[in-house]
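So you know, we letter chains A, B, ... as the sequences are listed, proteins then strands, and number each from 1.
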Amino acid sequence: MDSTAAKKLPAGLPDVLQAAHQVFINLTTDRILRIEVLTQAIHKGEDAASALIEIAQIAHKIAGVAGTLGYPEIGDNARALEQKLKADIAAGDPLRHWTTIAPEIETLLDDLEALL
Amino acid sequence: MKDLRILAVDDDRAFQMVLQGTLAQLGYNDVTSVPSAAAALKVIRNSPHLFDGFLLDIEMPEVDGVELCRRIRAMSVYRKTPIIMVTSLADKQYVYKAFAAGATDYFTKPLDEIELRARLQVMRQLVDERQRALDLLDELKSWSDLPKSKIKFDAPLSVISANWMVEFLAMQNHLLTLNRLQLFGHAAIGFTVTNASEAFRLTDQVGYIDYLANIATVIAETLKTSPFSMAHAGQGDFVVLTNRTAVSDPKGLQDEVRTGIASYQKLYGSLGLPIPTIQVGRPVSASIFSQRAEISSLLDRARMSSQIGLEEGFTAQKQWN
């Protein structure tokens, strides 16, 4: 296990989940960068639907494990973001709540950066 | 107890490791994890041993978990193997599609150890139930007079291999995934073999399963005009799930089933078994406002209605009015 991740281990995390925690932290850097690229693409007026679908998929993955690995707030925020994005995508108007969703994405990115 | 051989499919490496770690904590160590439907199908094709159960993430790129479930079900050796879907709350609406594709059960992310433990217990029960049925089938094929497996009179059992026969647990799980409108369109009807315990006592296990399979076939023949699924719930009780409008005359249905059974009178006589006495219950439906507990008890209420019988049920109802 690398020393950076070891310092960040949440208290009480079972031994059996420590390797999973390491993988989650390692994936987080790439996920932050990918979400930033996608949000910039949306701001530039590029294909918003594709970008938001991918952000929802990343949020889905974060929501699936963050709580179990000791970050319940990040898990809850990612899940809320995933649900809102999917609702707007399903409604055929992916940007209808963009002005309120964009700050939530920024908050999630800040929380993820704090793990590194 | 034999370890279950499980194949887990999820495209998130971190979740795979969380799942594998939690399963190990619960005592399940024979777990293979793969990141995609394509990898899963490759492992299934190349594996020298059969898997006892599958855990499939619903949301995956390219081929999703619902389609993977359908493809696994299409393989004859996995036609009845437990398939548990893994889903997030945001994707819960896809669970219904997964059940239509043949899924047995589901649980939600993030992982809850208690929920996972419960789901795996269901998986183990289904594996055990299937093993009993396979053992009995082997015995039927070998014409052995000394059955090796043990079946319990009270336990659910798949008594015949037919596309309308499902496990009782799978039927219960399926009901819980229906939305209110879909649920409102269904009715459960119980069929009780009131002298099943006598047949269980008089014959061996192979004979008893044959006895139940014959009854299931007669019931199915009377229902053939509507789509239905049937489960044997144990104690000689069958439950049928069908369209709400399919059975308007339970008394007429009971007469038809009894006539069908009577045509086998000579066969039962030659086997030294009593002619099955069938009681049909009133169709039981959920209301549009049903709560989860009421839905869970729907099949039990159908069983209870057939155990009481139409005549006594009618008398009891009159006394209430």
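- For residues 15-34 of chain B, the interface with chain A (any heavy-atom pair closer than 4.5 Å) comprises B:Phe15, B:Met17, B:Val18, B:Gly21, B:Thr22, B:Gln25, sorted by residue number.
- Using a 4.0 Å cut-off between a side-chain N of Lys or Arg and a carboxylate O of Asp or Glu, B:Arg13 and A:Asp30 do not qualify as a salt bridge.
- With a 4.5 Å cut-off on side-chain heavy atoms, B:Asp11 and A:Gln57 do not count as touching.
- Applying the ring-ring contact (aromatic ring centres under 6.0 Å, His included) rule to pairs touching residues 91-116 of chain A yields A:His43-A:Trp98, sequence neighbours excluded.
- Interatomic distance, B:Glu59 CD to A:Lys86 NZ, rounded to the nearest 0.5 Å: 3.5 Å.
- At a 4.5 Å heavy-atom cutoff, B:Asp112 makes no contact with chain A through either its backbone or its side chain.
- Partner of A:His60 under the side chain to side chain contact (heavy atoms under 4.5 Å, CB included) criterion, chosen from B:Asp12, B:Asp57, B:Thr87: B:Asp57.
- B:Ser36 meets the side-chain hydrogen bond (donor to acceptor under 3.5 Å, both in side chains) test with no other residue; sequence neighbours excluded.
- When all heavy atoms of A:Ala20 and B:Ala14 are compared, the closest pair comes out as CB-O, 4.0 Å.
- When the salt bridge (charged side-chain N to carboxylate O under 4.0 Å, His left out) test is applied to A:Asp76, the partners found at least two apart in sequence or on another chain are A:Arg79.
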